[in-house]
Amino acid sequence: MAFLPVLLLLLLTVAHRASSQDSGDSDALPRGCGWGLVRPYTLLCDLDSIWGVAVESVAAGGVLAAILLSLVLLCRLRHISEAEKRSGVGPILLLLLGILGLFGLSFAYLIEQDESLCLLRRALWGLLFAICFSCLLVQGVRLRRLGRERRSPGGCALTGLALGLSAVQGIIAAEWLLLTVLREGRAACQYLPLDFSLACSYVLALLLAALTAASLALCGRTRQWRCSAIWLLVTCLLSLLLWVAWVGFYLYGNAWLGRYPDWNDPALAIALVAQGWLLLIFHAIPESHICLRPPPQPTAPDYFDTSQNSTRMRETSFDEDIPLSHRQFVENQGYGYTDENAAGLRSSSGAGQHNTNPGARPSAPFRSNVYQPTEMTMILNGGAVPSAPPTYTGRQLW
C-alpha cells in the first residue's frame, strides 16, 4: 500500500507548515489561495499557474474512480463463480493500488522541493510504475495460459509474482539513493535527469515484457479471452508511447525550449496522472467488466421451431446404433439380394421349382426402406448368422 505513506506524509507536512507560517504571509499569496494554504503549497490553488489546479483535479478524480472500482470488485467477488475469472481479480486489485499510488504521488510534485520530499519522489517513482507494469505482465501470462491450456494459475500466485517483480525495482531505487545521497553526499533534490531515467530501466523492461506477453496471448486457440488480450495490448502500446514522450521531453525537450529545470516537475506530474488514467481506462475497467460479467445461461432448445438447424431432429441410421460385433451381415452376402436373380426368382417361384442356390437371396429395389427381419434376428441372436433351411426359396416379393 504505497499510496498511504505518500498521502499521510503529505498531510502531516501540510499541517506542520501551515501552523508554522505567520499571518503576515497571507498578503503574498497568489490569486485563488485563500483557504489557509501558504507556501510551498500554492500550486494547489494558484489560478495563475493553472497547470497545478488541473493536475490536482484530474488526480483527485482518478483516486475516486480507482477507489470505487476497488470497492465494486471486493463486493462482487463472491459472485464470480468461474475460476478463470477469479484468478484475474488479484492482479486487478494490485493494479488499482498502484494506480492510487501514481495519483497520490502526483500531489508531491505540486509542492515545492525539500530534502524529504525529494527522497520520497525518487523512492516511489520507479516502485509504483513497477507495480503497475508487473500486473500487466502477469495478466499477459494468465491470458497466454488461458488461450493455450484453458486454465490459469491462481490469483494469489499471480499477485505474488507481481509483487516479487516489483520488489526488484524497490531494491534498485534503494541502492541508487544510498549511493548518491549517503555515499557521495549529494542532496536528494540534486540529480541529473539522465540518472533518473536510467534508474527506471527495469521498469521499461517490465513494460516491454508485458507487451510481448500480450502479443503472445493473441495467438491462443481459445477465442474467449482474445478481447482481454486486445485491451492489454492496447494498454501496453499506449504506455510505451507515453514513456517515450515524457522521457524525451524530460531529457531534451526542456533544454531545447529553455525551460530547464522549471518544467521538470510539471512534466513528471503530468506523466503520473496520464499513466494512471491510461491504466484505469484501458485495462482496469474493461478487465473488471469481463470478470464481473455473468456467464451465459444455456437456453432450452425449441423443438417446435423448425427454422433452427440446431434443434432439428436428425435422422438416425440403423447401422449407427448397432455394435461392431453385430454388423456381420454387412460383409455376409449369403442372404443378400441381387438384381440379376430377381426376375429368375419370380419365374421359378411361379413354376413351383426350388431354388438350387440356397445361399443367394434376391433383393428388392426398395430394400433400404423396408424393415429387415433377418437383421433383427442377427441382433437378437448376438450377431450369429442364422442358417436357412434346405427348402428355403426366398421371401415372397410383393
Side-chain angles (χ1 to χ4, degrees), residues 1-11 44 52-80 85-111 120-121 123-140 142 155-156 158-159 162-163 165-166 169-170 203 206-207 210 228 231-232 234-236 238-239 242-243 246 268-293:
M1 304 178 66
F3 73 100
L4 292 178
V6 176
L7 295 180
L8 183 60
L9 182 60
L10 289 177
L11 291 176
L44 297 174
V53 179
V55 169
E56 175 190 3
S57 303
V58 176
V63 169
L64 181 61
I67 291 176
L68 290 178
L69 187 58
S70 302
L71 292 177
V72 170
L73 277 175
L74 291 175
C75 294
R76 299 286 298 177
L77 181 59
R78 61 186 182 90
H79 297 285
I80 304 175
K85 294 182 178 180
R86 290 180 66 91
S87 63
V89 176
I92 295 176
L93 291 176
L94 183 61
L95 176 65
L96 290 173
L97 195 61
I99 291 173
L100 286 174
L102 293 179
F103 287 134
L105 186 61
S106 65
F107 287 96
Y109 287 89
L110 302 179
I111 303 174
L120 191 66
R121 291 178 183 180
L124 293 182
W125 175 276
L127 179 61
L128 292 174
F129 275 107
I131 291 175
C132 296
F133 294 156
S134 298
C135 292
L136 297 182
L137 177 57
V138 298
Q139 286 283 13
R142 166 179 167 265
C156 295
L158 293 175
T159 306
L163 289 175
L165 292 175
S166 58
Q169 177 60 32
V203 177
L206 287 177
L207 179 58
S228 299
W231 280 111
L232 181 60
V234 171
T235 304
C236 294
L238 293 179
S239 299
L242 178 62
W243 266 68
W246 81 257
L268 297 179
I270 293 174
L272 285 169
V273 174
Q275 183 66 70
W277 272 107
L278 191 151
L279 294 173
L280 193 63
I281 293 176
F282 289 97
H283 182 72
I285 294 178
E287 192 66 26
S288 300
H289 172 70
I290 293 174
C291 292
L292 295 176
R293 185 173 54 189

Where do [X] and [Y] come nearest, in terms of heavy atoms and distance?
X: S239; Y: L279; value: OG-CD2, 4.2 Å
X: L206; Y: S134; value: CD1-OG, 3.5 Å
X: C135; Y: P91; value: SG-O, 3.6 Å
X: L102; Y: C132; value: CD1-SG, 3.9 Å
X: V138; Y: A162; value: CG1-N, 3.9 Å

Which distance, rounded to the nearest 0.5 Å, do you find between the [atom1] of [X] and the [atom2] of [Y]?
X: S87; Y: L158; atom1: OG; atom2: CG; result: 6.0 Å
X: I290; Y: W231; atom1: CD1; atom2: CH2; result: 8.5 Å
X: L207; Y: F129; atom1: CG; atom2: CZ; result: 10.0 Å
X: K85; Y: S288; atom1: NZ; atom2: OG; result: 12.5 Å
X: L136; Y: L95; atom1: CG; atom2: CG; result: 6.0 Å
X: C291; Y: H79; atom1: SG; atom2: NE2; result: 15.0 Å

Is any side-chain heavy atom of [Y] closer than 4.5 Å to one of [X]?
X: I92; Y: Q139; result: yes
X: F103; Y: L272; result: no
X: L280; Y: L96; result: yes
X: I99; Y: W277; result: no
X: L94; Y: L163; result: yes
X: R121; Y: Y109; result: yes
X: Q275; Y: F133; result: yes

Check your understanding: What is the ring orientation for W246 with W243, classed by angle as parallel under 30°, tilted 30 to 60°, or perpendicular over 60°?
Key -> perpendicular
Review point. Counting only N and O atoms by type, is there a donor-acceptor contact under 3.5 Å from the side chain of T235 to the main-chain atoms of F282?
Key: yes
For residues 52-77, which side-chain N or O atoms pair as donor and acceptor with protein atoms under 3.5 Å away, sequence neighbours left out?
residue: S57; atom: OG; partner: V53; partner atom: O; Å: 2.9
residue: S70; atom: OG; partner: A66; partner atom: O; Å: 2.8

